[in-house]
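Below, all heavy atoms of this structure are taken into account, side chains as well, without hydrogens, waters or symmetry copies. Numbers restart at 1 for each chain; the letters A, B, ... are given by sequence-line order, proteins then strands.
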2 protein chains.
Amino acid sequence: MSLQQRATLDDVARLAGVSRKTVSRVYSEPEKVAGTTRDQVLAAARRLRFRPNTLARTLRRGGTSSTVGLLIGDMSNPFYHSVAAGIERELSSAGLTLVLGSSDDSEEGEERVADALLSQRVAALMMIPAAADQSYLDGERQLGTPVIAVDRPAKNLLADAVLLQNRSGARQATEALLAQGHRQIAYLASPADIYTQRERLAGYRGAMTEAGLGRTGPLEHLSDDADEDAVARAALGSAEPPTAVLAGNNRMSVAVLRAARELQVSPALIGFDDFDTADVLGISVISHDPLEMGRRAAALAVERIARPATVPEVVELPTRLVLRGSERPEGVSL
Amino acid sequence: MSLQQRATLDDVARLAGVSRKTVSRVYSEPEKVAGTTRDQVLAAARRLRFRPNTLARTLRRGGTSSTVGLLIGDMSNPFYHSVAAGIERELSSAGLTLVLGSSDDSEEGEERVADALLSQRVAALMMIPAAADQSYLDGERQLGTPVIAVDRPAKNLLADAVLLQNRSGARQATEALLAQGHRQIAYLASPADIYTQRERLAGYRGAMTEAGLGRTGPLEHLSDDADEDAVARAALGSAEPPTAVLAGNNRMSVAVLRAARELQVSPALIGFDDFDTADVLGISVISHDPLEMGRRAAALAVERIARPATVPEVVELPTRLVLRGSERPEGVSL
DNA sequence: TTGAAAGCGCTACCAA
DNA sequence: TTGGTAGCGCTTTCAA
């Protein structure tokens with residue numbers, strides 16, 4: 001039960017009968033230590049249960065830890081989970097570990113958590129920007145901490161970004177619905193006042209306008225407070241319900257299905273983002289790969305840590321329209 | 001573009017015309033510093049873009065960082081994402097940050113990543129044990145690092161654990177299927193050789209045996225390599241297909257739906273774990289709250305950091321049977 | 001190949 | 001209320 005002290009380089013050095021520096025070398029550049037010396041050191045280290053303290057290593061002037069911070073607003077969205085998983089995978093293969101921070105989608109939250117991560121001297125900061133403005137990070141950028149925005153671009157801050165081709169994805173889906181003969185095509189989003197939704201909405205509007213259906217006002221069901229279910233019910237339950245729905249994201253797609261069941265209607269449906277049972281249900285989606293998105297973003301972070309750059313890079317990943325039947329006039333059958 | 005040096009306590013002290021220690025106090029115990037002095041210091045800090053280095057703070061003898069490590073085998077499972085989200089939330093409200101490590105479900109992976117996290121001097125290590133044995137952590141435990149197992153108990157290691165009532169959950173679901181008149185009730189799991197599945201299987205067997213249906217051998221479809229889809233297809237496509245299926249986890253539930261659609265069959269179904277569209281689809285599930293699980297585990301970690309304990313605590317969280325129709329003889333309709 | 005000394009940014013201890 | 005000194009565990013010169 002005796003809580004022993006944790007062993008340090010010194011302890012190991014003493015037991016192995018070598019200098020501190022030699023022990024250090026065994027862990028940082030083992031090839032520069034004689035084989036026998038190395039074995040002695042490692043034996044001593046094992047006996048003492050020594051574990052190098054990577055925090056202390058970091059203390060060098062201007063040093064950063066081998067961690068990368070990831071700031072997510074809403075941890076409950078499965079899409080961001082996958083992004084995080086992709087990031088983790090890429091980082092770990094680069095020998096970096098992921099430190100997670102959640103702002104719960106609040107303005108001050110984001111800055112507070114960013115602060116905490118930066119105080120830990122993360123080697124880079126990855127974030128899904130949620131606050132109205134990220135200029136508060138400009139000082140850090142100038143101090144050399146790479147900032148990588150994921151899914152949405154950072155505002156008022158020069159930062160690399162990995163985004164989706166939201167606009168063309170939404171446009172393509174709308175065109176597919178138009179091709180099926182639909183005219184009353186609704187667009188549903190909540191929250192709507194975020195980058196991705198503005199882009200997708202623009203894509204939808206573009207396709208509608210081109211088809212001579214520019215009057216989309218009554219067909220747009222956008223909200224920032226109401227939950228997805230409420231928005232979906234309002235849209236499907238309106239006096240003149242749409243024959244087809246474009247759902248702004250994965251959660252809205254599910255909400256539409258739920259509302260359709262409740263209200264006993266069968267609108268055609270295409271949803272942005274793929275989701276678990278979409279294939280089983282035959283739901284058409286604008287698919288993309290969140291894991292890949294995370295991977296790309298993390299790769300960019302790794303690159304910037306090694307070679308700080310002056311010009312931010314913006315990557316736009318493609319989407320893919322996957323038609324499974326729900327785009328047809330007969331709509332979703334539940 | 002000049003990459004300036006990062007400011008330190010010393011720089012701030014110099015600019016503010018006070019001692020280093022005074023600056024330190026402004027950040028650690030501000031109430032012990034005179035108001036005017038504090039203002040001067042903070043002004044200087046702002047001008048220099050000073051940000052305290054929490055890593056250096058940690059360097060005290062035996063010191064740990066204000067981070068908690070979480071070791072997950074398979075980051076792609078949505079269930080663990082929710083657990084992680086719950087953990088993050090609880091930790092952040094305790095002023096701790098979460099460091100994530102993934103072992104990709106490999107034996108050596110787990111130990112390697114645990115090592116990395118411990119080298120960062122996490123204040124506690126939370127893990128979903130995946131390796132066959134966690135005795136390699138015993139040294140750390142003796143050195144005072146709390147270890148909290150989540151979802152599965154640690155093997156050969158005294159550690160706190162937060163688990164589910166797997167057995168009773170599975171038993172209850174099986175009984176519900178029996179009550180509907182089912183006799184050919186299959187149990188499907190992949191991977192099957194893990195704690196949760198062994199427990200759930202035991203619950204299933206118990207209920208079957210009590211109903212005089214102890215011969216469950218042919219009804220058990222367990223695999224460790226095959227993916228869920230293959231297992232589901234094999235089960236539903238057998239010569240004498242079951243009239244009802246108990247799916248071992250969320251992914252298996254979806255696989256069963258997929259297979260049912262492909263093979264044009266409609267077995268009754270109850271799945272362990274809830275999932276996104278289960279309510280829409282009318283799928284009955286053994287529900288529980290992964291967020292809460294994470295929260296409880298993190299709370300335990302926080303507690304142990306403050307007050308190391310000698311006797312491990314094991315918490316078993318309840319499950320809840322949610323019947324939505326798919327348990328009935330007519331089964332799932334797709 | 002190995003070692004001694006200085007220093008990284010901060011805090012604990014004790015003194016003023 | 002404030003400050004000096006001595007570390008924390010490690011790495012980086014520079015020498016041996």
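The structure places OG of B/Ser65 at 10.0 Å from CG of B/Leu117, a figure rounded to the nearest 0.5 Å. A distance of 6.0 Å separates CE in A/Met75 from NE2 in A/His81, rounded to the nearest 0.5 Å.
Rounding to whole angstrom units, CG of residue B/Leu55 and P of D/dC10 are separated by 13 Å. As a whole-Å value, the separation of A/Arg14 CZ from C/dT2 C1' is 18 Å. B/Arg51 has its CZ atom 17 Å from the C1' atom of C/dC10, to the nearest Å. A straight line from CG of B/Leu59 to P of D/dA6 spans 18 Å, rounded to a whole angstrom. Separating the CG atom of B/Asp10 from the C1' atom of D/dT5 is a distance of 13 Å, rounded to the nearest angstrom. Distance CG (B/Leu9) to C1' (D/dT2): 15 Å, rounded to an integer number of Å. At whole-Å resolution of the value, CG in A/Asn53 and C1' in C/dC8 are 13 Å apart. Atom CZ of B/Arg57 is separated from atom C1' of C/dC8 by 16 Å (rounded to the nearest Å).
Aromatic ring orientation, B/Phe79 versus B/His288: perpendicular (interplanar angle above 60°, classes split at 30° and 60°).
Counting only N and O atoms by type, the side chains of B/Ser92 and A/Arg112 include no donor and acceptor under 3.5 Å apart. Between the side chains of A/Thr67 and B/Gln120, no donor N or O sits under 3.5 Å from an acceptor N or O.
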Quiz prompt | Derivation of the side chain to side chain contact (heavy atoms under 4.5 Å, CB included) call for B/Val150 and B/Tyr80 | solution = CA-CA 10 Å; B/Val150 186; B/Tyr80 293 129; over 6 Å; no
Quiz prompt | side chain to side chain contact (heavy atoms under 4.5 Å, CB included) assessment of B/Leu71 paired with B/Glu110 | solution = CA-CA 8 Å; B/Leu71 188 41; B/Glu110 181 177 297; 3.9 Å; yes
Quiz prompt | Steps toward side chain to side chain contact (heavy atoms under 4.5 Å, CB included) verdict (B/Val23, B/Arg20) | solution = CA-CA 5 Å; B/Val23 180; B/Arg20 199 152 46 149; 5.9 Å; no
Exercise. Could you walk me through whether B/Val113 and B/Met127 pass the side chain to side chain contact (heavy atoms under 4.5 Å, CB included) test, one step at a time?
Key: CA-CA 11 Å; B/Val113 178; B/Met127 68 187 310; over 6 Å; no
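Within residues 15-25 of chain B, the residues having any heavy atom under 4.0 Å from DNA chain C are, by residue number, B/Arg20, B/Lys21, B/Ser24. Contacts between residues 27-39 of chain B and DNA chain C, defined by a heavy-atom separation under 4.0 Å, are absent.
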